[in-house]
2 protein chains.
Amino acid sequence: MDTTADSIFRTLADPTRRAIFEQLMRHGEQNVRVLTEYSGISQPAVSKHLGVLKLAGLVRDRPDGRQTHYSAEPKGLAPLIDWMGLYGAFWRERFDRLEDLLNRMDQ
Amino acid sequence: MDTTADSIFRTLADPTRRAIFEQLMRHGEQNVRVLTEYSGISQPAVSKHLGVLKLAGLVRDRPDGRQTHYSAEPKGLAPLIDWMGLYGAFWRERFDRLEDLLNRMDQ
DNA sequence: CATATTCATAACTGTAGAGTTATTGATCTA
DNA sequence: TAGATCAATAACTCTACAGTTATGAATATG
């Protein structure tokens, strides 16, 4: 499973795939047939998208007889948060320095 | 300018483009020649990436004679934060901190 | 003025990947 | 058991786009 920021970005860059992820986020576990009905694309296309999402750690699957139920994995977004957090720290540091400078000038 | 979540995701999905953005984040304003030297790709390719980043609101340009200086636009990440924020309390706390920081950096 | 530098645009190529249909394996049901 | 349903895979097509080289427009420098 590839859960790097790169994988997350590439996976969520596709609007159809993002829509599937959002659907699972909002409405909980769904099987492939239901997801296909809502997506407006073919079942194999949906299955492929689900495979990519799973590889990126954004969904989990639960096989049950001839059906496969998929659900969102919110924690899968963590690498995205971390990536932004890197720059969060950077901004924080810069801001603190600027603030420090301004405080000195006030005196 | 297209600053939807879709545009941000598509723009940052490319690793070269993300590297350019990170470079600008870490080292501040840079002109095209310098960015080209570090990127390992041709100058026209870099210019094209910068055009895409600019369209997505992630960088700003400052023409100066025959040079064009580019700098990162941290606020451009806001749509990404908004998109993740849709999914509620799970990440709320971390989002709020990031968002607050972004707002402060914007002045 | 002549030459060099810097960046953007045009035109093109090659490839990744999103979609399709066809098919298979597996499981449910009448 | 026979037929129907469900999901995954294979094989294919088509398009978007990341890269290239060539060139032009603008500005700097000698």
Side-chain angles (χ1 to χ4, degrees), chain A residues 1-2 4-24 27-73, chain B residues 1-2 4-24 27-73:
Chain A
M1 195 163 64
D2 180 12
T4 60
D6 185 73
S7 165
I8 309 289
F9 271 120
R10 261 208 332 271
T11 299
L12 292 176
D14 183 82
T16 303
R17 207 146 50 216
R18 215 164 52 246
I20 292 175
F21 179 72
E22 291 175 16
Q23 169 80 6
L24 291 174
H27 300 103
E29 197 183 65
Q30 314 254 330
N31 65 32
V32 177
R33 184 183 52 76
V34 170
L35 288 172
T36 299
E37 285 167 5
Y38 279 98
S39 66
I41 57 175
S42 68
Q43 173 267 312
V46 172
S47 281
K48 205 153 55 168
H49 281 308
L50 288 167
V52 175
L53 284 164
K54 184 185 170 188
L55 208 72
L58 291 167
V59 304
R60 62 183 298 129
D61 60 340
R62 184 175 64 82
D64 173 32
R66 60 183 164 177
Q67 310 191 65
T68 308
H69 302 276
Y70 283 87
S71 53
E73 194 86 90
Chain B
M1 194 162 65
D2 179 13
T4 60
D6 185 74
S7 165
I8 310 288
F9 271 119
R10 261 211 331 274
T11 298
L12 292 176
D14 183 82
T16 302
R17 208 146 48 214
R18 215 166 50 248
I20 292 175
F21 180 71
E22 292 175 14
Q23 168 81 6
L24 291 174
H27 300 103
E29 196 181 67
Q30 314 254 331
N31 65 33
V32 177
R33 184 183 52 77
V34 170
L35 288 172
T36 299
E37 284 167 7
Y38 279 98
S39 66
I41 57 176
S42 68
Q43 173 266 311
V46 172
S47 280
K48 204 153 54 170
H49 281 308
L50 288 167
V52 175
L53 284 164
K54 184 184 169 187
L55 209 72
L58 290 167
V59 302
R60 62 183 297 131
D61 60 340
R62 184 175 64 81
D64 173 33
R66 60 182 163 178
Q67 311 192 63
T68 309
H69 302 276
Y70 284 86
S71 53
E73 194 87 89

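In what follows, chains carry the letters A, B, and so on, assigned in the order in which the sequence lines appear, proteins first and then strands, with residues in each chain numbered from 1.
Between the CZ atom of A:Arg33 and the P atom of D:dA4 there is a distance of 17 Å, given to the nearest Å. B:Leu50 has its CG atom 12 Å from the P atom of D:dG19, to the nearest Å. Rounding to whole angstrom units, CG of residue B:Asp14 and P of D:dA16 are separated by 17 Å. The CG atom of A:Asn31 sits 16 Å away from the P atom of C:dT27 (whole-angstrom rounding). If you take CG of B:Leu55 and C1' of C:dT9, they are 16 Å apart, rounded to a whole angstrom. For the pair B:Leu12 CG and D:dA18 P, the computed distance is 12 Å after rounding to whole Å. If you take CD of B:Gln30 and C1' of C:dT6, they are 16 Å apart, rounded to a whole angstrom.
Within the 4.0 Å cut-off from OP1 or OP2 of C:dG19, at least one side-chain nitrogen or oxygen of A:Thr16 is found. At least one side-chain nitrogen or oxygen of A:Tyr70 sits closer than 4.0 Å to the OP1 or OP2 atom of D:dA8. Checking the phosphate oxygens (OP1, OP2) of C:dG19, a side-chain nitrogen or oxygen of A:His49 falls inside 4.0 Å. The phosphate of D:dA7 has neither OP1 nor OP2 within less than 4.0 Å of any side-chain N or O from A:Ser47. At least one side-chain nitrogen or oxygen of B:Arg17 sits closer than 4.0 Å to the OP1 or OP2 atom of D:dA18. In terms of phosphate contacts, B:Ser42 brings a side-chain nitrogen or oxygen within less than 4.0 Å of OP1 or OP2 of D:dT20.
When atom types are taken as modelled, the side chain of A:Arg17 and the backbone of A:His49 share no donor-acceptor pair closer than 3.5 angstrom. With hydrogens and angles ignored, the 3.5 Å screen pairs a side-chain donor or acceptor of A:Asn31 with a backbone N or O of A:Val34.
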Report, one pair per line, the protein and nucleotides 28-30 of chain C atoms (nitrogen or oxygen only) whose separation is under 3.5 Å.
none

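The side chain of A:Pro44 lies closest to D:dA8, out of C:dA8, C:dG19, D:dA8. Distances from the side chain of B:Lys48 to the nucleotides D:dG19, C:dC7, C:dA10 place D:dG19 closest. In this structure, the nucleotide among C:dT20, D:dA7, C:dC7 sitting nearest to the side chain of B:Gln67 is C:dC7.
Ionic pairing of A:Asp6 and A:Arg10 is present here: one or more N-O contacts between side-chain nitrogen and carboxylate oxygen are shorter than 4.0 angstrom.
Interatomic distance, A:Arg66 CZ to A:Arg33 CZ, rounded to the nearest 0.5 Å: 9.5 Å. To the nearest 0.5 Å, atom CG of residue B:Asp14 and atom CG of residue B:Leu53 are 9.0 Å apart. Once rounded to the nearest 0.5 Å, the distance linking CE of B:Met1 with CG of B:Leu58 reads 9.0 Å. Separating the CD atom in B:Gln30 from the CD1 atom in B:Ile20 is a distance of 11.0 Å, to the nearest 0.5 Å.
Residue A:Gln43 places a side-chain atom within donor-acceptor reach of the base of D:dA8, judged by atom type and a 3.5 Å distance cut-off alone.
Comparing A:His69 and B:Val52, the nucleotide of DNA chain D nearest to each residue sits closer to the 5' end for A:His69. The 5' end of DNA chain C is approached more closely, in terms of each residue's nearest nucleotide, by B:Ala45 than by the other of B:Ala45 and A:Ile41.
With sequence neighbours left out, the side-chain contact (heavy atoms from CB on, under 4.5 Å) criterion links A:Ser7 to A:Asp2, A:Thr4, A:Thr11, A:Ala56.
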